[in-house]
Structure formats: structure tokens, C-alpha cells
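Single-structure report; data block below.
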Amino acid sequence: AQSVSQHNHHVILSEAASLELGCNYSYGGTVNLFWYVQYPGQHLQLLLKYFSGDPLVKGIKGFEAEFIKSKFSFNLRKPSVQWSDTAEYFCAVRSSNTGKLIFGQGTTLQVKP
Amino acid sequence: NAGVTQTPKFQVLKTGQSMTLQCAQDMNHEYMSWYRQDPGMGLRLIHYSVGAGITDQGEVPNGYNVSRSTTEDFPLRLLSAAPSQTSVYFCASSYSSGTGRQETQYFGPGTRLLVL
């Protein structure tokens, strides 16, 4: 069965600190990978996605993620966070066969000014 | 395009009542799905549909019914609401569920449901 695990449930950083949020998935077939962000009081927005090609993908607002197939991982990174990055971040995996998009449990990021 | 729309935005129900959450998209997307979001549990897939007339269960289908009579609409029905169904519900859509299509899911604004 398809599943997604995010290791960090709550992360607190100071502004300018570097960020890495872990995401591992379990699925034997071909997958598409996503990171979504949900700012307080808002709905989900796509940060970045991986379908094929270069495993290092760049998204909006300075975020990037690296797909490591051998580790079934798709970690999100940002070199220097800002207070405005305070939000909840969700990793998601979609089976390319069924189209089912499964989410991790989310990581709440709090950036202190 | 309006994108993915959901109604109502808020709803309060009593235990045992029924209701339908509406979801519509005007992008001619084949694939539609319903999620519920609960604190600490992320988004969990309730039901999904790969096209008109075709639906399937997700991770947490119990207590919910869906139908897909048209491409545009994908309503979610609660036949007998329970307090455990208090949640925020999101509808999503994308062009294709098939292999090789690099399509992103678009999410609606959500429906906040409270069951007393």
C-alpha cells in the first residue's frame, strides 16, 4: 500500500536558519512527488513537484527538494528561512498507475523573527 | 476559470443528520478526490474518481458516499453524521490519473464541518 511519512512534526527555527524537512514514501511503482504548503487560514498551495528527470527540483519561494530513489525520499530544503515561511508543509506521493495522491501527516514550521 | 469550488464553507450538524458537500470544477479535469484534514494527521484520502461514472475508495471511506454523474461535479455525502467526522474537507482535481501525464492537483478552499 502507498504511504508517506514525514519525520518532523513540529520544527522551530530562527530567521536565516537553514531548513530540511524529511519525507519518505512507501510504494513499489512509479511515483510523482509533491510538496504543498498551507499558510495559516489558507488552503493548500503547490511548492514544487517531481515527475521525472533531474532529481533536484526547484520550487517557489526559494524551496527545493531532492528525490533519492534508493532511499524512497523526497526531502524539502531551503537555505535561509523567513518569518513568512511559517506554515504547515505536506509531502505527497501519487501513484502514476492509479492517480491516488497520498499525503504525509504534515510538518508545522514556526520561524521566529 | 473558477477552478475548484466547494460549498458550503462552514456547516454545523447534529449527530445523525445527513448532508452533502458540494465540489465542482470547470477545468474539464478527469480526476477528482475528497480529503479530510485533521490536526496531526495530514490530509487523508476519502474517495476519488478517475472519470464520470467511476469512483473508488481512499484511505478513510467509511461513513461517506460519493458519485460522479458528470465530469464537473463530485459531491460527498454524509448519510448519518458523527462527531468523528468533524474536520476540514478538501476537494481536489487534476487532468489525468494515467501514466505519463504530468498533472498537478488543484485544491478547493475547503469546507469546515462541525458535528455536535
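Proteins get letters first, then strands, A, B, ... in listed order; numbering begins at 1 in each. All values below come from the heavy atoms of this structure, side chains included, with hydrogens, waters and symmetry mates left out. As the structure is a computational prediction, the values presented were derived from the model and not from experiment.
A distance of 6.0 Å or more separates the ring centres of A/Tyr25 and A/Phe74. Aromatic ring centroids of A/Tyr36 and A/Phe90 lie 6.0 Å or more apart.
By a heavy-atom distance cut of under 4.5 Å, not one residue of residues 74-83 of chain B is near chain A. For residues 55-67 of chain B, the interface with chain A (any heavy-atom pair closer than 4.5 Å) comprises B/Gln57, B/Glu59, sorted by residue number.
No part of A/Gln6 comes within reach of chain B, as not one of its non-hydrogen atoms sits under 4.5 angstrom from that chain. In this structure, the portion of A/Leu46 lying under 4.5 Å from any heavy atom of chain B is its side chain and not its backbone. For a residue to count as touching a neighbouring chain, one of its non-hydrogen atoms must lie under 4.5 Å from one of that chain's; by this rule B/Leu43 touches chain A with backbone and side chain alike. Contacts of A/Gln42 with chain B are absent, with no heavy-atom separation under 4.5 Å from either backbone or side chain. Of the two parts of B/Tyr48, only the side chain, counted from C-beta on, holds a non-hydrogen atom closer than 4.5 Å to a non-hydrogen atom of chain A.
None of A/Phe63, A/Tyr50, A/Phe51 except one satisfies the ring-ring contact (aromatic ring centres under 6.0 Å, His included) rule with A/Phe34; the exception is A/Phe51.
A side-chain donor from one of A/Tyr27 and A/Ser95 sits under 3.5 Å from a side-chain acceptor of the other.
Within the 4.5 Å cutoff, the side chain of B/Phe107 has no heavy atoms near those of the B/Val4 side chain. For the pair A/His10 and A/Gln110, the minimum side-chain heavy-atom distance is below 4.5 Å. Residues B/Gln105 and B/Ser93 are not in side-chain contact: their nearest non-hydrogen atoms beyond the backbone lie 4.5 Å or more apart. With a 4.5 Å cut-off on side-chain heavy atoms, B/Arg112 and B/Gln11 do not count as touching.
One distance of note links SG of A/Cys23 with CZ of A/Phe67; it measures 10.5 Å at 0.5 Å rounding. Interatomic distance, A/Cys91 SG to A/Leu33 CG, rounded to the nearest 0.5 Å: 6.5 Å.
A salt bridge (Lys or Arg N to Asp or Glu O under 4.0 Å) check over residues 63-81 of chain A, counting only residues at least two apart or in different chains, returns the pairs A/Lys58-A/Glu64, A/Glu64-A/Arg77, A/Glu66-A/Arg77, A/Lys78-A/Asp85.
Residues passing the salt bridge (charged side-chain N to carboxylate O under 4.0 Å, His left out) test with B/Arg44 are B/Asp38, sequence neighbours excluded.
Per-residue heavy-atom pair counts under 4.5 Å with chain B were compared for A/Val4, A/Leu101, A/Leu44, A/Thr107, and the maximum is reached by A/Leu101.
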